[in-house]
Amino acid sequence: MNMSFAPEARPRLPRGVRLRKDAHRGWLLLAPETVFAANGSAAEILELCDGARTFAELVDVLASRHGAERARIMCEAGRLLGALHHKRLLDL
């Protein structure tokens with residue numbers, strides 16, 4: 001799922017959805033009656049989805065941390081967040 005986000009969108013995990021690190025299974029996205037494994041990149045993006053940062057700010061942070069092209073980060077982060085939004089695991 002590819003979804004465009006407005007730069008001023010403020011992604012956040014909805015009530016009842018949590019990101020946790022498990023010592024044995026790694027990063028997990030916990031939702032009612034559901035558990036999703038999250039790789040390191042996804043977990044890093046989700047940690048920034050606090051509702052305080054805009055999507056544009058989130059992209060800027062990631063681009064700065066990794067020295068990557070902003071357009072590439074915007075596309076990849078947007079794809080992940082769009083899929084999570086579609087599954088109702090992310091609020092905008």
Side-chain angles (χ1 to χ4, degrees):
M1 160 138 308
N2 193 0
M3 180 175 180
S4 295
F5 291 98
E8 64 276 0
R10 294 184 183 273
R12 66 177 181 82
L13 297 178
R15 185 178 193 173
V17 177
R18 303 282 180 261
L19 180 66
R20 296 286 183 254
K21 180 143 187 177
D22 181 84
H24 301 287
R25 300 190 309 178
W27 287 102
L28 302 173
L29 187 60
L30 307 172
E33 301 181 24
T34 308
V35 176
F36 294 94
N39 66 24
S41 299
E44 183 178 8
I45 293 167
L46 290 171
E47 285 182 308
L48 296 172
C49 293
D50 56 9
R53 288 179 186 89
T54 64
F55 180 63
E57 291 168 337
L58 180 147
V59 169
D60 289 341
V61 168
L62 293 169
S64 175
R65 282 184 189 171
H66 298 285
E69 292 178 28
R70 194 173 185 284
R72 180 176 176 205
I73 298 248
M74 185 176 289
C75 180
E76 291 179 11
R79 188 177 303 125
L80 170 69
L81 298 180
L84 293 174
H85 180 69
H86 181 72
K87 293 178 182 179
R88 297 181 184 191
L89 297 171
L90 185 82
D91 286 341
L92 297 177

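Since this is a predicted model, take the numbers as computed values, not measurements.
Pairing each heavy atom of A6 with each of F55, the nearest pair is O-CB, 3.8 Å. Here the shortest heavy-atom pairing between P11 and L58 reads CG-CD1, 4.3 Å. Heavy-atom minimum distance, A43 versus A38: N-CB, 4.4 Å.
Taking SG of C49 as the reference point, atom CG of L90 lies at 5.5 Å (rounded to 0.5 Å). Between L46 atom CG and S41 atom OG the span is 10.5 Å, to the nearest 0.5 Å. Atoms NE2 and CD1, from H66 and I73 in turn, are 6.0 Å apart once rounded to the nearest 0.5 Å.
A salt bridge (charged side-chain N to carboxylate O under 4.0 Å, His left out) check over residues 53-67, counting only residues at least two apart or in different chains, returns the pairs E44-R65, D50-R53, D60-R70. The salt bridge (charged side-chain N to carboxylate O under 4.0 Å, His left out) contacts involving residues 80-92 comprise R12-D91, where partners must be two or more places apart or lie in separate chains.
A 4.5 Å side-chain heavy-atom check between T54 and V59 finds every atom pair outside the cut-off.
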Donor-acceptor pairs under 3.5 Å, side chain of residues 13-37 to any protein atom, not counting sequence neighbours: which ones?
{"from": "D22", "atom 1": "OD2", "to": "H24", "atom 2": "N", "distance (Å)": "2.9"}
{"from": "D22", "atom 1": "OD2", "to": "R25", "atom 2": "N", "distance (Å)": "2.7"}
{"from": "T34", "atom 1": "OG1", "to": "P32", "atom 2": "O", "distance (Å)": "3.3"}

